[in-house]
Amino acid sequence: MTNEIVAAGIRTWQDLGLTITSDSKVTPPSPITHEVDVPGRPEGSLDLTEALTGGVSYSKREFDLVMAADYGDASARQRVSDALMNRWHGRRLSFECSWDPGYWYEGRFQLTSLKPAGPCGLRLELEVEADPFRVKRVEPLRLNAIGGHAYDVVSGRVPVRPTIQCPSPTLVVFEGRETRLGAGTWRLNDVLFSQGVNRVYINSYPIRTCLWGDLASGAAHATTWGAASAMRWDELGEVGWAGGALVRRSWGDLTGETWDGLAKSRWADLDKREGVVDSTVILSYDWKDL
């Protein structure tokens, strides 16, 4: 496969027949260091590179690309030159490189040379001063957070703040900090994903679970089988509960069923919520790395 770059809707090889030559090079971003000489310090200079932000800053990533093509006539060569000058030259663009699939870059394009090569050929030199970090394409996460779940989200080198779209009031807990959101789309300012695995708890529709201990003799909700026989599960678990969903099924609804028949069912399988719409949340974020 011939290497190419894609920017502003132009594919250099597939659309223009331009081949990236071996004279091309890409220079990785260099760390920007800051050291202070301290007289008498036995270890030498004091490295303050990460003292201000806790991370390393980097210089621009440099692309120096040489491309060439041979066209059937001089007018085709001129059309390619005109298209690149008007679509690329001097502009800051997002672009992709075929040799780095799944990532895109952003930078300022400058055509430093456009020369005829033979009767109908073209040779051009392109310089791109790009941001140091490349961006990975990450599909938004669709999370079924009904009842509350903890999710492990893997992020890239650069710390990022995610965006969440929730169709119902939602609770987000990250590193011990709670954020309560209404329905809508929100940027989570209290959530900062760092490199590696980030655990976040999301509850888009609270569900009350009624435990046997809640009904134990001597407990605050002490009751008996006789007293419970005329009650639904939501009535048993309702004390001290505000909002969310409760079990909407009573023993009477299971008339004709046997314990053996329900032996493979979990308590949650008998949960029948009323009026519950789709409470799936969508979590999206950028992935940036070197």
Side-chain angles (χ1 to χ4, degrees), residues 6-7 9 11 55 93-106 131-211 233-234 237 241-249 262 264-290:
V6 183
R11 307 181 68 95
L93 302 171
S94 299
F95 64 100
E96 300 176 51
C97 303
S98 62
W99 59 88
D100 192 11
Y103 284 89
W104 54 274
Y105 303 79
E106 287 191 1
D131 295 342
F133 294 100
R134 55 186 185 158
V135 182
K136 184 178 182 179
R137 299 190 182 280
V138 179
E139 291 295 327
L141 302 176
R142 297 182 60 85
L143 307 175
N144 179 10
I146 295 177
H149 298 277
Y151 300 95
D152 289 334
V153 181
V154 182
S155 188
R157 174 71 177 271
V158 179
V160 294
R161 301 190 186 281
T163 298
I164 188 170
Q165 179 181 338
C166 38
S168 57
T170 297
L171 169 66
V172 178
V173 182
F174 182 75
E175 295 184 343
R177 297 187 300 275
E178 293 187 2
T179 302
R180 296 185 181 274
L181 306 170
T185 301
W186 307 90
R187 181 180 174 84
L188 296 174
N189 292 326
D190 288 337
V191 177
L192 184 66
F193 289 161
S194 56
Q195 186 177 22
V197 178
N198 301 267
R199 172 154 289 195
V200 57
Y201 173 86
I202 302 174
N203 192 335
S204 62
Y205 200 93
I207 297 176
R208 169 67 174 178
T209 301
C210 183
L211 304 177
W233 281 114
D234 61 315
W241 174 250
L246 297 170
V247 175
R248 299 296 184 188
R249 201 164 194 177
L262 299 173
K264 295 184 179 180
S265 298
R266 301 169 302 170
W267 289 114
D269 295 331
L270 304 180
D271 176 15
K272 297 296 182 181
R273 293 183 297 277
E274 296 176 350
V276 177
V277 296
D278 181 13
S279 291
T280 300
V281 302
I282 300 175
L283 189 71
S284 57
Y285 63 101
D286 290 332
W287 179 305
K288 296 182 180 182
D289 58 31
L290 290 171

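With values rounded to the nearest 0.5 angstrom, F133 atom CZ is found 8.5 Å from D289 atom CG. Separating the CG atom in L143 from the NE2 atom in H149 is a distance of 9.5 Å, to the nearest 0.5 Å. K288 contributes atom NZ, which lies 14.5 Å from atom CD of Q195 (distance to the nearest 0.5 angstrom).
Considering only residues two or more places apart in sequence or on other chains, V173 meets the side-chain contact (heavy atoms from CB on, under 4.5 Å) condition with L171, E178, Y201. P140 is linked by a side-chain contact (heavy atoms from CB on, under 4.5 Å) to I282, S284, counting only residues two or more places apart in sequence or in another chain. Here Y151 pairs with nothing under the side chain to side chain donor-acceptor pair (under 3.5 Å) rule; sequence neighbours left out. D286 is linked by a side chain to side chain donor-acceptor pair (under 3.5 Å) to nothing, counting only residues two or more places apart in sequence or in another chain. Annotation: side chain to side chain donor-acceptor pair (under 3.5 Å) contacts of E106 (sequence neighbours excluded): R92, S94. Qualifying side chain to side chain donor-acceptor pair (under 3.5 Å) partners for Y285, counting only residues two or more places apart in sequence or in other chains: none. With sequence neighbours excluded, the residues satisfying salt bridge (charged side-chain N to carboxylate O under 4.0 Å, His left out) with R137 are E96. With sequence neighbours excluded, no residue forms a salt bridge (charged side-chain N to carboxylate O under 4.0 Å, His left out) with E139. Taking the ring-ring contact (aromatic ring centres under 6.0 Å, His included) definition, one finds that F95 meets it with F63, Y105, F109, sequence neighbours left out.
Using a 4.5 Å heavy-atom cutoff, the side chains of S204 and I146 are in contact. Side-chain atoms of V191 and N198, non-hydrogen and from C-beta on, never get closer than 4.5 Å to each other. Between I202 and V200, some side-chain heavy-atom pair lies under the 4.5 Å cut-off.
A side-chain donor-acceptor contact under 3.5 Å links T170 to the backbone of S168. Between the side chain of D100 and the main chain of S98, no donor-acceptor pair closer than 3.5 Å is present.
Of all heavy-atom pairs between P167 and T280, the closest is CD-O, 3.3 Å.
Within the structure, the side chain to side chain donor-acceptor pair (under 3.5 Å) test picks out no pair touching residues 180-193 (sequence neighbours left out). Identified under the side chain to side chain donor-acceptor pair (under 3.5 Å) test for residues 152-162, with sequence neighbours left out: Y58-R157, D152-R199.
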Mind running side chain to side chain contact (heavy atoms under 4.5 Å, CB included) on W287 and V160 for me, showing each step along the way? CA-CA 8 Å; W287 179 305; V160 294; over 6 Å; no
